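Notes to accompany the following structure.
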Amino acid sequence: MQNEQSIHEKARDIPVRGNYDVVVCGGGIAGIAAALAAARQGVRVALVEREYLLGGLATLGLITVYLPLCDGRGRQCSFGIAEELLRLSVLHGAEAPLPRGWMTDTDDEAARCKNRFSVRFNPSVFAILAEQVLRQAGVELLYGLAVVGGRRSGKKLTHILCEGRDGRFALACGSAVDATGDAVLCRLLGMTCATYAYKNTLPSWYYYQQGSTCRLQMLGYAENPNISLSESEGNPAVDPTKPHYTGLDTFEVSRMTCDAHDQLISHFLARGDLAPDYALTSIATVPQLRMTARLCGQQTLDVSDAHREMKDSVGMMSDWRQAGPVYEVPFGCLWSEEMVNLAVAGRMISATDKMWDLSRVIPACAVTGQAAGTACALSRNFATLSVSRLQKTLRQSGVVLYEKEL
């Protein structure tokens, strides 16, 4: 066998199979929020998803904890679609008791301060309910499509290249959202991105049946990453005793997946072999990666920005690890002048390594997704988009922008 460093692919014409005002790449929580927000502005929206179920890590990855919408001191800070999706996730029941003071005893201020606005949901039910909501809003769902490239004219994205069961084709777009989680489209377009310096450890969450009860086993770190945070400065320190994965190399992620499967089956069988009252019922079908790559945007959010007023705020998020901090998310974290009609959402927004562990979680993904989708529906050039118009539209959709308004 020849050891060739590269091969040449023959040039070919790519058919354009759709023309949309907004194309959202990635159907995780951020992509769901972005597509829903854009469609509600009356524009034509397509959502491109590589898998065949929505929700990303939250559903296919079995990270079924909808982290807090509140600051841990009784104040809700994430609103709009972030709250809508939380309530949707437990519309037909939760996997854990609903938080008192928020979803029960709603006039109980003491309960709100004691309990955080957070729930455990069923991943499969949530994914299908989200699909139904998007379809009702008019979003065209395109499953089984991988984003493999883009075409640009100057600083504007014109087409997104996809590959699916029937080959490669393009989708024309007026604007787009990269909600892939790994900045796939941004990196394919050659935009300036950053990678997470501390990499990822190995989680293997799974569901199992024991007796008459279905249980979630949170095996390994998926909420709390492979770094410890100094109470004074939040400085990350890598734990050298654990394996680490960048999450950006196909061969490495394949090894990680096998390692996760080995860890999972060993842990499950340690309790005994399969039996009528003991079964493995569900495992993650996507790698449980948290931080991989992100855009370097117009602004970069940091943990030191807690309680800081951002004039171009598009919503707020809290610190799921501790009570108190509230962050206003500036619009500048969602785009770069390198591509003026491409927004990012979710764990790929422009944030420092210290901040990344906060900006990657479900409420923050929903907040930034709603902002990105709304911006794309309103404009094909973010450099000229009136931030006040964007903020007004978000307010009309139920978003609270500033901490002083709580």
Side-chain angles (χ1 to χ4, degrees), residues 6-28 30-39 41-54 56 131 134-135 137-193 248 250 293 295 334-346 348 369 372-383 385:
S6 64
I7 62 173
H8 175 72
E9 183 179 14
K10 185 178 179 180
R12 52 178 167 163
D13 293 328
I14 305 297
V16 177
R17 293 186 56 185
N19 195 325
Y20 301 90
D21 296 301
V22 179
V23 174
V24 178
C25 301
I32 292 169
L36 187 58
Q41 295 303 310
V43 300
R44 190 177 184 209
V45 180
L47 174 57
V48 174
E49 168 54 40
R50 181 184 58 193
E51 310 298 334
Y52 286 86
L53 197 68
L54 296 175
E131 178 182 272
L134 287 170
R135 292 178 68 192
V139 175
E140 184 165 1
L141 296 172
L142 300 174
Y143 284 127
L145 277 186
V147 174
V148 296
R151 291 292 179 268
R152 60 192 294 173
S153 176
K155 291 186 176 182
K156 285 193 174 183
L157 178 68
T158 61
H159 296 83
I160 294 169
L161 302 183
C162 305
E163 188 125 16
R165 288 172 176 263
D166 45 357
R168 183 173 296 202
F169 58 86
L171 301 174
C173 61
S175 57
V177 179
D178 187 341
T180 60
D182 301 319
V184 170
L185 183 56
C186 292
R187 290 186 291 120
L188 287 170
L189 291 168
M191 299 176 68
T192 304
C193 295
L248 294 172
T250 298
L295 178 70
L334 275 57
W335 70 286
S336 163
E337 64 180 6
E338 294 177 335
M339 194 70 63
V340 297
N341 64 339
L342 176 62
V344 298
M348 319 164 22
T374 302
C376 285
L378 294 178
S379 176
R380 297 184 177 188
N381 187 342
F382 303 142
L385 172 62

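Computed from a predicted model, the values in this text were never measured in an experiment. Numbers for residues simply follow the sequence, beginning at 1.
Between atom CG of residue N341 and atom CG of residue L385 there is a gap of 12.0 Å, rounded to the nearest 0.5 Å. Atom CG of L295 sits about 8.5 Å away from atom CG of D178, to the nearest 0.5 Å. Distance check: L141 CG to R135 CZ gives 7.0 Å after rounding to the nearest 0.5 Å. Rounding to the nearest 0.5 Å gives a distance of 10.5 Å between OG of S153 and NE2 of H159. Residue L185 holds its CG atom at 8.0 Å from CE of M191, rounded to the nearest 0.5 Å.
Residues satisfying the salt bridge (charged side-chain N to carboxylate O under 4.0 Å, His left out) test with R12, not counting sequence neighbours, are E9. For R17, the salt bridge (charged side-chain N to carboxylate O under 4.0 Å, His left out) partners are D166, not counting sequence neighbours. Judged as a side-chain contact (heavy atoms from CB on, under 4.5 Å), and not counting sequence neighbours, the contacts of A37 are I81, Q370, T374. Remark: E163 pairs with R168 by the salt bridge (charged side-chain N to carboxylate O under 4.0 Å, His left out) rule, at least two apart or across chains. A search for side-chain hydrogen bond (donor to acceptor under 3.5 Å, both in side chains) contacts involving T192 returns E338, not counting sequence neighbours. The salt bridge (charged side-chain N to carboxylate O under 4.0 Å, His left out) check on R187 picks up nothing, with sequence neighbours excluded. Under the side-chain contact (heavy atoms from CB on, under 4.5 Å) criterion, A176 pairs with L157, I160, C173, L342, sequence neighbours left out. Remark: A343 pairs with A372, C376, F382 by the side-chain contact (heavy atoms from CB on, under 4.5 Å) rule, at least two apart or across chains. Residues passing the side-chain hydrogen bond (donor to acceptor under 3.5 Å, both in side chains) test with D21 are R380, sequence neighbours excluded. In this structure E131 satisfies the side-chain hydrogen bond (donor to acceptor under 3.5 Å, both in side chains) test together with Y143, sequence neighbours excluded. Every residue two or more places apart in sequence or in another chain that forms a side-chain hydrogen bond (donor to acceptor under 3.5 Å, both in side chains) with E140 is listed here: Y20.
Closest non-hydrogen pair, L36 versus A137, comes out as CD1-CB, 3.7 Å. When all heavy atoms of A39 and V139 are compared, the closest pair comes out as CB-CG2, 3.6 Å. Residues E51 and E49 come closest through the heavy atom pair N-OE2, 2.8 Å. The heavy-atom pair separating E337 from V340 by the smallest distance is O-CG1, 3.8 Å. Across all non-hydrogen atoms, the minimal contact from A377 to Q41 is CB-CB, 3.6 Å. In plain terms, the two heavy atoms of G31 and L47 that are nearest each other are O-CD1, 4.2 Å.
Of the possible donor and acceptor atoms, none in the side chain of D182 sits under 3.5 Å from a partner among the backbone N and O of L248.
Residues V344 and C186 form a side-chain contact, since some pair of their non-hydrogen atoms from C-beta on lies under 4.5 Å apart. Taking 4.5 Å as the limit, every side-chain heavy atom of L188 sits out of range of all side-chain heavy atoms of L161. Using a 4.5 Å heavy-atom cutoff, the side chains of L134 and I32 are in contact.
Residue pairs satisfying the salt bridge (Lys or Arg N to Asp or Glu O under 4.0 Å) criterion with at least one member in residues 146-159, sequence neighbours excluded, are absent.
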